[in-house]
Amino acid sequence: VARRLSLRKHPECHSMAGGKAIEHLAQTGDRRQHTFRLPMQQYRNCDFSFSGLQNLVNKAIVQKEKEEGIQEGEILSCVKDIAAAVQHAVAVHIIQRTYRAMLFCIKNSILPSKNATLVVSGGVASNQYIRKGLQTLADANDFAFLCPPPRLCTDNGVMIAWNGIERLRAGLGVLHSTDGIRYEPK
């Protein structure tokens, strides 16, 4: 969405990553100016998907570009409102699906009835709006809430590498010889 909105060209966001730019602009946007249907409402499971939402947002952007008479790549006058509406829809989708997962785990005795914990990490956990929504969800359901500081909520690739370092230090799953392994580029 940030790429489609050309947020790198926005004066407030030129040096920000896409998610950070959306969060920044959403702070002063009015999410009620655009309503995006939540993804996967017909499915009663815990899966996440944002492709449907992305398509709806793209259609709204195209419509607004036509209304404002601007070309793709130019900044819409309502960019902050779109950012706020998108951020809200993403947050609600994540919160709803996480709540389903919590209920599923409790119902199936996967989690202890007391001292259950919701852990949120990765890039999405750096978004304060989403983080606050998940904190509220955890509090309302008597779950502890663990979330690293935003500076540690980076791309999952970094977390995978960190896990690799910890496993190497512990000697877990370490391959000492690459003999017999074939490497093929995609």
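Numbers here are sequence positions counted from 1. Keep in mind it's a predicted model, so treat the numbers as computed, not measured.
- Grouping the Ile, Leu, Val, Met, Phe, Trp and Tyr side chains by contacts below 4.5 angstrom, directly or via other members, places V119 apart from I94.
- Taking CG of L118 as the start and SG of C147 as the end, the distance is 8.5 Å to the nearest 0.5 Å.
- Atom NE2 of H88 is separated from atom CD1 of I130 by 11.5 Å, given to the nearest 0.5 angstrom.
- In this structure, H93 contributes its side chain and F50 its backbone to no donor-acceptor pair below 3.5 Å.
- The CZ atom of F48 sits 4.0 Å away from the OG1 atom of T98 when rounded to the nearest 0.5 Å.
- Taking every heavy atom of both residues into account, A138 and A144 meet most closely at CB-O, 4.2 Å.
- R31 and Y129 get closest at one heavy-atom pair: NE-OH, 3.7 Å.
- In this structure, T136 OG1 and R131 CZ are separated by 12.5 Å, a value rounded to the nearest 0.5 Å.
- More than 12 heavy-atom neighbours from other residues, nucleotides or ligands sit within 6.0 angstrom of CD on Q96.
- Here the closest heavy-atom approach between residue S15 and residue R8 is recorded as C-NH1, 4.3 Å.
- Side-chain contact of Q27 with E23: a donor-acceptor pair under 3.5 Å is absent, judged by distance alone.
- In summary, the side chains of E68 and S77 do present a donor paired with an acceptor at a separation below 3.5 Å, with no hydrogens or angles considered.
- If you check the side chains of N163 and E166, you find no donor sitting under 3.5 Å from an acceptor.
- Between N58 and R4, the side chains place a donor N or O and an acceptor N or O closer than 3.5 Å (distance only, hydrogens not considered).
- For the pair F143 and I106, the tightest heavy-atom approach, listed with the atom from each and the gap, is CE1-CD1, 3.7 Å.
- Taking CD1 of I160 as the reference point, atom CZ of R167 lies at 12.5 Å (rounded to 0.5 Å).
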